[in-house]
Structures are given as C-alpha cells and as structure tokens.
Amino acid sequence: MESNRENFASNLTAILALAGSAIGLGNIWRFPYMVGEYGGAAFIIVYLAFSLLISLPIMLSESIIGRRSRSNTFGALRKLSKGRTWSSLSLLTVLSPLIILSFYSVVGGWSIEYLFKAFGGAFVNADPDNVRAQFAAFTSHPFLPLVFHTGFLLLCAIIVILGVKSGIEKFNKVTMPLLFCLIVSMAIYSLSLPGARAGVDYLLKPDFSLLTPKALASALGQSFFSLSLGVGTVLTYSSYISPKENILVSGVGTTVFDLLFALIAGFAVMPAVFAAGIEPGAGPALIFETVPFIFCKMGSAAPWISSVVAILFFAAICFAALSSAISMFEVGVAYLVEEKGLSRRKSVVCIFLGVWALGALCAYFPRLFSLCDTLTSNYLMMFGALLFVVFAGWVMKKEDVLSEFSSDGRYPLNRKLSGVFYFLLKWVAPIAVTLIFITNFLS
Ligand code: TRP
C-alpha cells in the first residue's frame with residue numbers, strides 16, 4: 001500500500017493545498033466581522049500571536065504525525081502507538097470532517113447557485129427586500145438546494161477521484177493563485193468606493209478595551225477553525241509531503257496565507273458594506289444577503305460593473321469552498337483506501353453517499369444544520385486538536401518528534417527552534433485547547 005502512496009511535487013504545492021483547505025468560508029464570513037467587533041487592529045495582533053504560538057504548533061504536530069507515519073489519521077495513530085486506544089479515539093477525527101463536509105457542501109451549493117444568479121444579472125436593480133426574498137425563496141425551495149448540494153459534492157468527488165497529484169494538487173495549484181487575484185481585485189474595487197473609509201476604520205482602528213475574555217476565546221477558536229485544525233486534514237495532507245521538505249516552512253506558509261487572505265477578504269467586504277450604508281454582520285447572511293445588496297446599489301450606477309463584480313465574488317466563494325471541501329473528503333477516502341482496502345473509486349462513492357445523505361437532511365432541517373456546525377466547531381475540532389497535540393507531545397518519543405520537525409536534521413533553523421517548539425507543543429498548546437474547550441462547554 002505504501003509504495004504507491006502519492007506525494008505532492010514540492011513544498012510550494014503542499015502549501016497551496018494546505019492553504020486551500022484553510023482558506024474557506026470562515027475567512028470571508030467570520031473573520032472580518034470578528035475583527036470589527038472585537039477591537040480591530042488589537043484583535044488582529046492577538047489573533048496573529050495565537051496563530052503563531054498555539055495554532056502553529058498544533059498544525060505542526062498534525063504534520064509530524066502524518067508525515068512520520070505516511071498514513072491516514074487512524075493508521076497514523078495506530079502505527080505510532082501501542083495498543084488501540086489512540087487509534088480508536090482518532091476515529092472521531094475521521095468522522096468530524098465528514099460531518100463538516102455535509103453542511104459545508106450545502107453552503108457550497110448555495111454559492112454555485114449564486115454564481116449562476118450573478119451571471120443572470122439577478123442582483124442588478126434588485127432592492128434589499130428583494131435580495132432577502134431571493135435568499136429565503138431559494139433556501140426554502142423544495143428541491144433546488146438539494147440539486148446544488150449534489151452538484152457541489154459531485155465536483156468534490158471528481159477532483160478527489162483523480163488522486164492526490166492529478167486531482168487535489170492540480171486543482172489547488174490553479175485555483176489558489178486565481179482566488180488571490182479575485183479577492184485582491186475585489187478589495188481594490190471595494191476600497192475605491194466613496195465612503196469606503198468607514199469600513200477601513202471598522203477593521204483597523206485598534207481598541208484594546210474590546211479584548212474581553214470572550215474576544216480572546218473567539219480569536220483562538222477562529223484561528224483553529226480557519227486553519228482547519230483538529231480534523232485530520234492537515235495530518236492527511238502532510239502525509240503526502242516528501243520527507244525532505246521543511247514542514248516548518250509549509251506550516252508558517254499556510255498560516256501566513258490564511259491570515260493574509262482573511263485580511264484581504266475583510267477589505268473586499270467591509271468597505272463596500274459601509275459604502276452601501278448597511279450594518280455589517282457575520283455568517284451566511286453576510287455573503288448571501290448583505291453583499292448582493294451592495295451589488296444592487298452599484299447596479300443603479302453601472303449595471304455591467306455590478307454584474308462583473310458579483311460574478312468575481314461568487315466565483316471566489318465557490319473556489320474557496322471547493323478547495324476546503326476536497327480536503328475534508330480526502331480524510332475519509334484515505335481512511336477507507338488504507339484501512340479498509342477499498343479502491344479509491346469505491347471509497348469516493350461511499351463517502352459521497354454518506355455525506356450526501358446527511359447534507360440533504362441539513363439542507364431541509366436548519367436545526368440539524370446548526371447542530372452539526374456547533375458539534376464540530378465547538379467540540380469535535382477541539383477534541384481532535386487536543387488529541388493530536390497530546391499524542392505528539394506526550395505519546396510519541398521526543399527524538400522522533402524533533403527529528404521529523406527538522407526532517408532528520410536537514411534544516412539547522414528547525415534544530416535551533418526545537419526547544420521552543422517542543423515547549424509550545426507539550427505545554428502551551430494543550431493547556432490553551434483545554435481552556436477553550438471548557439469555555440465552549442460553559443457558554
Ligand atoms: N478552514 C475552513 C474555513 O475557514 C473551514 C474548516 C474547518 C475546514 N474545518 C475544516 C476546512 C476542515 C477543511 C477541513 O472555512
């Protein structure tokens with residue numbers, strides 16, 4: 001089995017794939033709003049510190065476990081530990097990306113629908129009530145959400161069936177640079193609108209008094225969610241990174257790209273929101289109700305520009321959602337191929353059917369949708385992050401962890417940073433994750 005495992009061609013394509021997984025709806029619909037609400041630049045500084053001191057060590061521990069074992073999540077913990085306790089626990093982390101994928105795919109379906117709408121000029125000259133009505137009509141339609149959820153999941157299945165190199169790597173290599181160009185052009189346009197200044201102030205004006213304990217917990221939670229930690233995607237993707245590459249570079253690269261994208265997305269959305277004179281918000285409503293309203297406003301002045309910007313925006317959303325979704329899909333597929341001996345094709349079909357069914361239910365039962373969301377982002381992801389970090393810090397041998405960290409001593413800087421890294425991994429990260437876990441339980 002191991003001999004025909006595929007590898008990413010280089011560290012750059014590994015970073016693009018990891019960034020593809022990390023950059024998703026969370027960067028666009030949660031980060032900008034959080035920044036605005038929790039103190040602008042002050043929040044960004046805290047977020048950056050948390051990402052580097054806590055999330056990065058967790059990401060690296062997933063990378064170390066994945067690359068050392070060259071296995072899927074379950075196989076990795078089975079190979080690197082004695083007994084079955086750890087690998088049995090890891091089954092939960094094989095399940096959680098599939099639960100996330102089921103409702104993520106429903107939203108992915110909405111973005112495809114909205115891309116079609118944008119092509120059809122649906123937002124030009126529509127008023128805000130009409131935009132809201134369009135969203136309500138679509139989400140409560142008897143079968144359209146199901147059709148688009150199916151379409152979105154099928155696209156993921158096709159990419160994953162093609163394999164790590166010809167599917168996942170190729171897709172991310174093309175779409176990630178494109179996604180950056182799309183979001184940068186959106187940001188430039190948005191910043192050029194009259195009244196954009198208020199949006200920039202909202203994002204950047206530092207206000208340290210807003211950094212409450214809740215803000216700190218949200219910053220750490222968002223950093224986890226945004227970097228896709230604790231669900232085995234980083235572990236699985238890292239198992240495809242060649243042993244010669246520097247995983248510190250791929251970890252830092254992914255963290256930086258993810259943050260950069262979230263900031264640019266903030267500049268793409270908030271200045272336009274303020275220029276249109278509306279209240280910023282978070283969540284699906286920001287993307288599917290607030291932003292289309294901006295396009296309507298623009299539309300009255302220049303219909304074609306508004307259509308083009310709407311198309312660019314929803315194309316970016318679709319790419320961002322797809323590249324994240326395929327990484328969740330791959331976690332399940334790698335497990336079925338390596339642990340259950342199924343062919344890649346059969347594994348993809350199994351995962352497709354399971355996720356499709358749960359997603360279809362989520363599409364019609366909003367309470368199930370939010371249950372899956374809370375269950376995964378508040379509990380399962382935290383559980384997974386804790387599992388990986390405790391495994392790397394307390395179960396694996398220190399020499400093995402550090403030798404994987406420096407790719408068998410190949411990288412002198414990594415060797416120098418070993419002490420700091422190991423301290424963060426062994427003490428700081430597990431304590432931080434436990435604290436958020438408790439906060440989530442109590443709130
Ligand atoms: N990081 C993704 C985003 O920002 C969401 C996400 C959470 C995710 N967990 C994941 C993506 C696991 C892929 C795999 O939207």
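It should be emphasised that the depicted structure is a prediction, and the values quoted were computed from it without experimental measurement. When a residue number appears, it is its place in the shown sequence, counting from 1. Whatever order the structure lists ligands and atoms in, that order sets their numbers, starting from 1.
- Listed by number with element, the atoms of ligand 1 under 4.0 Å from a non-hydrogen atom of Ser21 are 1 (N), 2 (C), 11 (C), 13 (C), 14 (C).
- Heavy-atom contacts from other residues, nucleotides or ligands closer than 6.0 Å to CZ of Phe116 number 12 or fewer.
- Within the 4.5 Å cutoff, side-chain heavy atoms of Glu338 are placed close to those of Ser71.
- Counting only heavy atoms from C-beta outward, the side chains of Phe288 and Phe314 approach each other to under 4.5 Å.
- In the displayed structure, Lys205 atom NZ is contacted under 6.0 Å by at most 12 heavy atoms of other residues, nucleotides or ligands.
- Distance CG/Leu371 to OG1/Thr376: 9.0 Å, rounded to 0.5 Å.
- Looking at heavy atoms from C-beta onward, Ser55 lies in side-chain contact with Leu229 at the 4.5 angstrom threshold.
- With contacts defined as side-chain heavy-atom distances shorter than 4.5 Å, the pair Phe313/Tyr114 does not qualify.
- Within the set Gly232, Ser228, Ala325, the minimum heavy-atom distance to atom 11 (C) of ligand 1 is found for Ser228.
- Atoms of ligand 1 lying under 4.0 Å from at least one heavy atom of Ile100, given by number and element, are 9 (N).
- For atom 15 (O) of ligand 1, the closest non-hydrogen atom on the protein side is Gly26 N, 2.8 Å.
- Note: no N/O pair closer than 3.5 Å links Ile23 and ligand 1 by distance alone.
- The contact set between ligand 1 and Val231, taken as ligand atoms under 4.0 Å from a residue heavy atom, comprises 12 (C).
- More than 12 heavy-atom neighbours from other residues, nucleotides or ligands sit within 6.0 angstrom of OH on Tyr189.
- The distance criterion of under 3.5 Å between nitrogen or oxygen atoms is not met by Leu227 with respect to ligand 1.
- Nearest protein neighbour of atom 6 (C) of ligand 1, counting heavy atoms only, is Phe225 O, 3.7 Å.
- Near Met328, the atoms of ligand 1 lying under 4.0 angstrom from a non-hydrogen atom of the residue are 8 (C), 11 (C), 12 (C), 13 (C), 14 (C).
- At a 4.0 Å heavy-atom cut-off, ligand 1 does not touch Thr376 at all.
- Some N or O of Tyr104 is nearer than 3.5 Å to an N or O of ligand 1, by distance alone.
- Residues Phe224 and Val433 form a side-chain contact, since some pair of their non-hydrogen atoms from C-beta on lies under 4.5 Å apart.
- When all heavy atoms of Ser347 and Leu342 are compared, the closest pair comes out as OG-CB, 3.5 Å.
- At least one heavy atom of Ser327 sits closer than 4.0 Å to an atom of ligand 1.
- Near Thr233, with a cut-off below 4.0 Å to any heavy atom, the atoms of ligand 1 are 14 (C).
- Residue-ligand proximity, Met381 to ligand 1, at heavy-atom distances under 4.0 Å covers atoms 7 (C), 9 (N).
- Ligand 1 has an N or O atom lying under 3.5 Å from an N or O atom of Ala22, backbone or side chain.
- Classification of the Phe437-Phe441 ring pair by plane angle, with boundaries at 30° and 60°, yields parallel.
- Close approach of ligand 1 to Ser324 is summarised as follows: ligand atoms under 4.0 Å from at least one heavy atom of the residue are 11 (C), 13 (C).
- Near Asn27, meaning under 4.0 Å from one of its heavy atoms, ligand 1 places the atoms 4 (O).
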